[in-house]
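Because the structure is a prediction, the values reported are computed rather than measured. One-based numbering along the sequence shown.
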Amino acid sequence: MTLKRLVLFFVLTPIAVLLAVSALFGSWQEPQFQSRLELYQTNIALQAQAWQSEDSSDRNLKAVQEAILGDQPLEGATKQYQEARQSVEANLDKVNHKIAQLRSQSEITPIPPKPLPDVPPTTKTSKQGQQQLQQSLKQLQKLLAELDLRLGILQAQQGQTDTAFKTWSELQQRSDINPEFGETAAVLSGLWSNPPRLLQNSQERIQKNLEGWFRSTALVQLYQLQQRQDALSAVKAAQQESATQAVIKLAVIGTIPTLAALIGLILLILLFAQRLFKGKTSLLAQNADVLWSTPWDGETILQVFIVGFFFMGQIFVPLLLSRLPIPRPAGDVRLQAFYVLVSYLLVASGALLVLYFSLKRFFPLPEFWFRFRFQDNWFLWGLGGYCAALPIVVVVSLINQQLWQGQGGSNPLLQLALESQDGVALGIFFFTAAIAAPFFEEILFRGFLLPSLTRYLPVWGAILTSSLLFAIAHLSLSEILPLTALGIVLGVVYTRSRNLLAPMLLHSLWNSGTLLSLFVLGSN
C-alpha cells in the first residue's frame, strides 16, 4: 500500500469521521430552527386573526383568513407558546448542567505546564467555554421572559386571568432576568386585574418589551382603561392594517406551497399508478437499472470527499479565513451575508478543483458523466420533482419533529435570512442558497458520488447512500431525515433524466421557496 493510501485511509478518513460525528452530536444540544420559525408563523397568525372585513369585496381575504387560521387561533397559539417554553426550559437545564461540569473540571483538572502548540491551556479553554455558555444562558433567560409575557396575554385574552396572573407573577419573582421584564409583567397584571391598576410608564414598558399582536392587544387594554379614544382608534387602525398584511403573507407562504404539494401528491399517485400498470415502460422505470461506466475506484471517491469536501469545508477554508486580515461580521448583516458567500465559494472552488485533478487522468469520461443538455426535458423533471418532493419532505419533517422534540440544530443561514430585512443581504443569501449551492452540491453529490457508487451498488442503493451522505454533510442531526428524503427525490430525478440541470433546478426551487418564506415571515 502506498503512502498516499495509508494517509488517506488511516489518517485523514478517521479524522474526518471523528470530526463529523463530533459536529453531529454537538448539534444534538442545539435548538432546531423550525421551533423559532413556528413562533414567527404563530405571531403572524395572531395578527391575521384580528382582521375584520368592512367591505363585501374582501370576502376572498376573509375566506383565506378562516381557511388558514381555523376556528380557534388563540388556543393554537397558546399551545405553541407553551411548547416553546418547555423547550427553552429544557435547554436552560442543559446549559446550567454544562456550566456546572466545566466549573468542576476547571477545579479538578491540573494545568499542563507546557501545552501543545496552538492549543490553549485547559483553564483558558474552560473559561472560554464558560463565557459562551453564560452568553447562551442569558439569551435563553431573556427568551423565556419574553415567552412568559406573551403567554400571559394569550391566557388573559381567553378569560384565563388567574392562569395569566400566575404566569406573570412567576416572571416577577425571577432574579435572573432584566428587571424591565418584571416591571412589564407587573404592568400587564395591573391591566387585567379587577379592579384594574394603572402603573407609571405602562405605555413605555409595553412598547419597549412587546411587539406585534401582543403589543397592540396590551395597548388596546391600556387605552380603553385610560379612555383615550384617539390613541385607541389609532392603535386599532394600525392593528387592522397589520392584520390585512398578515393575511396576505399567510396566503403567500401557505397557499403556494400547498398548491404545489397538492400537485406533487397527484403527480406521485399518477407516477406510481403508471409504474404499476406499465412496468418498465413507465417514467419511474426510465433508466432505473442503467449503471454508469465508472473507471475509478473507491479510493478516488474517498479522496474527493475527504480531501475536497470535508477538509476544505471544515478545516482549510475556516483556517484560511481566520488568518486573513478581514473584519469579522459581528453586527453588519451585509458583511455576514458576504462572509457566508465568500466562505461557500472558497469551499466549492476547492472541492471542485480536487474533483477535477482526481478525475483528470480518466479523461475523456464515459457517456452520461456530468451531463448538461439544455434541449432536453430537464425543466419538467426539475419542476415535477420539486412538487413531488414537497409532500414527501413535509410528512418526513413532521415525523422528524416528534423524534427530536425541537433539538438537533439547524443551518445557521436560515436564522440570518429570517432576521435580515436588508435587500442587499437577502440578494447575497439568495445567490448563495439558490444558485451557488445547487450548482456545487448537485455536481458533487448527484453528478459524481451517485454515479460512482453504481460501481458497487445498484442504482437504488446508490441513490439511498448518496442521499444519506448528502444529509450528513449538513452536520445537523435534525436535518438528516428531511434532507435524506429530499436527496432521494433529487437522485431519482437525476437517474431518470440523466441531466444535471434537472436536480439543479429542483434544488434551486427548494432553496428559493425556503428563502421566500423566511423573507415574508421576517418582514412581520
So, do [X] and [Y] sit near enough that their side-chain heavy atoms are less than 4.5 Å apart?
X    : Y    : result
L346 : L321 : yes
L144 : E89  : yes
L457 : L464 : no
S467 : L490 : no
L353 : M312 : no
V489 : Y386 : no
L283 : R496 : no
Q274 : L270 : no

Applying side-chain contact (heavy atoms from CB on, under 4.5 Å), run through L506 and L486 and close with a yes or a no.
-> CA-CA 10 Å; L506 193 167; L486 179 62; 4.0 Å; yes
Are E75 and K79 within salt-bridge range, i.e. N to O under 4.0 Å?
->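 Here E75 does not pair with K79 in a salt bridge, since their nearest N and O are not under 4.0 Å apart.
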Who passes ring-ring contact (aromatic ring centres under 6.0 Å, His included) against [X], sequence neighbours left out?
X    : value
F440 : Y344
F379 : none
F214 : Y81
F277 : none

Between [atom1] of [X] and [atom2] of [Y], what distance do you get to the nearest 0.5 Å?
X    : Y    : atom1 : atom2 : value
I488 : L468 : CD1   : CG    : 9.0 Å
T465 : W460 : OG1   : CH2   : 8.0 Å
F439 : L444 : CZ    : CG    : 11.5 Å
I301 : L469 : CD1   : CG    : 10.5 Å
L12  : F311 : CG    : CZ    : 4.5 Å
L265 : I392 : CG    : CD1   : 9.5 Å

Would L302 and I306 count as a side-chain contact (heavy atoms from CB on, under 4.5 Å) if you check the C-alpha gap in whole Å, the side-chain angles of each, and the deciding distance to 0.1 Å?
-> CA-CA 6 Å; L302 206 59; I306 297 299; 3.9 Å; yes
[X] side chain vs [Y] backbone, donor-acceptor pair below 3.5 Å:
X    : Y    : result
Q158 : L154 : yes
S508 : A434 : yes
S466 : I463 : yes
R498 : T495 : yes
S22  : L18  : no

Criterion ring-ring contact (aromatic ring centres under 6.0 Å, His included) on F445 and Y494, from CA distance to verdict | CA-CA 11 Å; F445 286 95; Y494 179 51; over 10 Å; no
What do you reckon, is CZ of F370 surrounded by more than 12 foreign heavy atoms closer than 6.0 Å?
->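 Yes, the 6.0 Å shell around CZ holds more than 12 heavy atoms from other groups.
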So with a 6.0 Å cut-off around CG of D289, is the heavy-atom count from everything else above 12?
->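 Result for CG/D289: open.
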Which residue pairs pass the salt bridge (charged side-chain N to carboxylate O under 4.0 Å, His left out) test when at least one of the two sits in residues 443-452, sequence neighbours left out?
->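 Residue pairs with at least one partner in residues 443-452: E442-R446.
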Can you list every pair that meets salt bridge (charged side-chain N to carboxylate O under 4.0 Å, His left out) and has a residue in residues 351-366, with sequence neighbours left out?
->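 Checked against salt bridge (charged side-chain N to carboxylate O under 4.0 Å, His left out) - neighbours excluded - no pair reaches residues 351-366.
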Looking only at heavy atoms, what is the nearest atom pair of [X] and [Y], with distance?
X    : Y    : result
S216 : Q239 : OG-NE2, 3.2 Å
V347 : G313 : CG2-CA, 3.7 Å
V304 : V354 : CA-CG1, 4.2 Å
A462 : L453 : CB-CB, 3.8 Å
R373 : N499 : O-ND2, 2.7 Å
C387 : P391 : O-CD, 3.0 Å

So, for F363 and Y356, is the gap between ring centers shorter than 6.0 Å?
->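 Ring centres of Y356 and F363 closer than 6.0 Å.
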Step-by-step side-chain contact (heavy atoms from CB on, under 4.5 Å) determination, L390 to T258 | CA-CA 9 Å; L390 276 169; T258 301; over 6 Å; no
So which pairs with a foot in residues 448-457 pass side chain to side chain donor-acceptor pair (under 3.5 Å), sequence neighbours left out?
->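 For residues 448-457, and leaving out neighbouring residues, the side chain to side chain donor-acceptor pair (under 3.5 Å) pairs sorted by first residue read W296-S452.
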If you look only at pairs with a residue in residues 301-311, which of them pass as a side chain to side chain donor-acceptor pair (under 3.5 Å), with sequence neighbours excluded?
->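 Only K4-Q303, Q303-S358 qualify under side chain to side chain donor-acceptor pair (under 3.5 Å).
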Quick one: list whatever passes side chain to side chain contact (heavy atoms under 4.5 Å, CB included) with [X], sequence neighbours left out.
X    : value
A285 : R275, S282
A502 : W378, W381, V493, S497
E146 : K142, L143, F181
P366 : S293, P295, W369

Is R150 positioned over the aromatic face of W213, cation under 6.0 angstrom from the ring centre and no more than 45 degrees off axis?
->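 No.
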Report yes or no: do Q157 and T217 form a side-chain donor-acceptor pair below 3.5 Å?
->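 No, because no side-chain N or O of Q157 sits under 3.5 Å from a partner of the opposite role on T217.
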Run the side-chain contact (heavy atoms from CB on, under 4.5 Å) check on R334 and I428 step by step: do they pass?
-> CA-CA 8 Å; R334 292 188 182 184; I428 297 173; 5.6 Å; no
Is the F470 ring parallel, tilted or perpendicular to the H507 ring (thresholds 30°, 60°)?
->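 It falls in the perpendicular class, over 60°.
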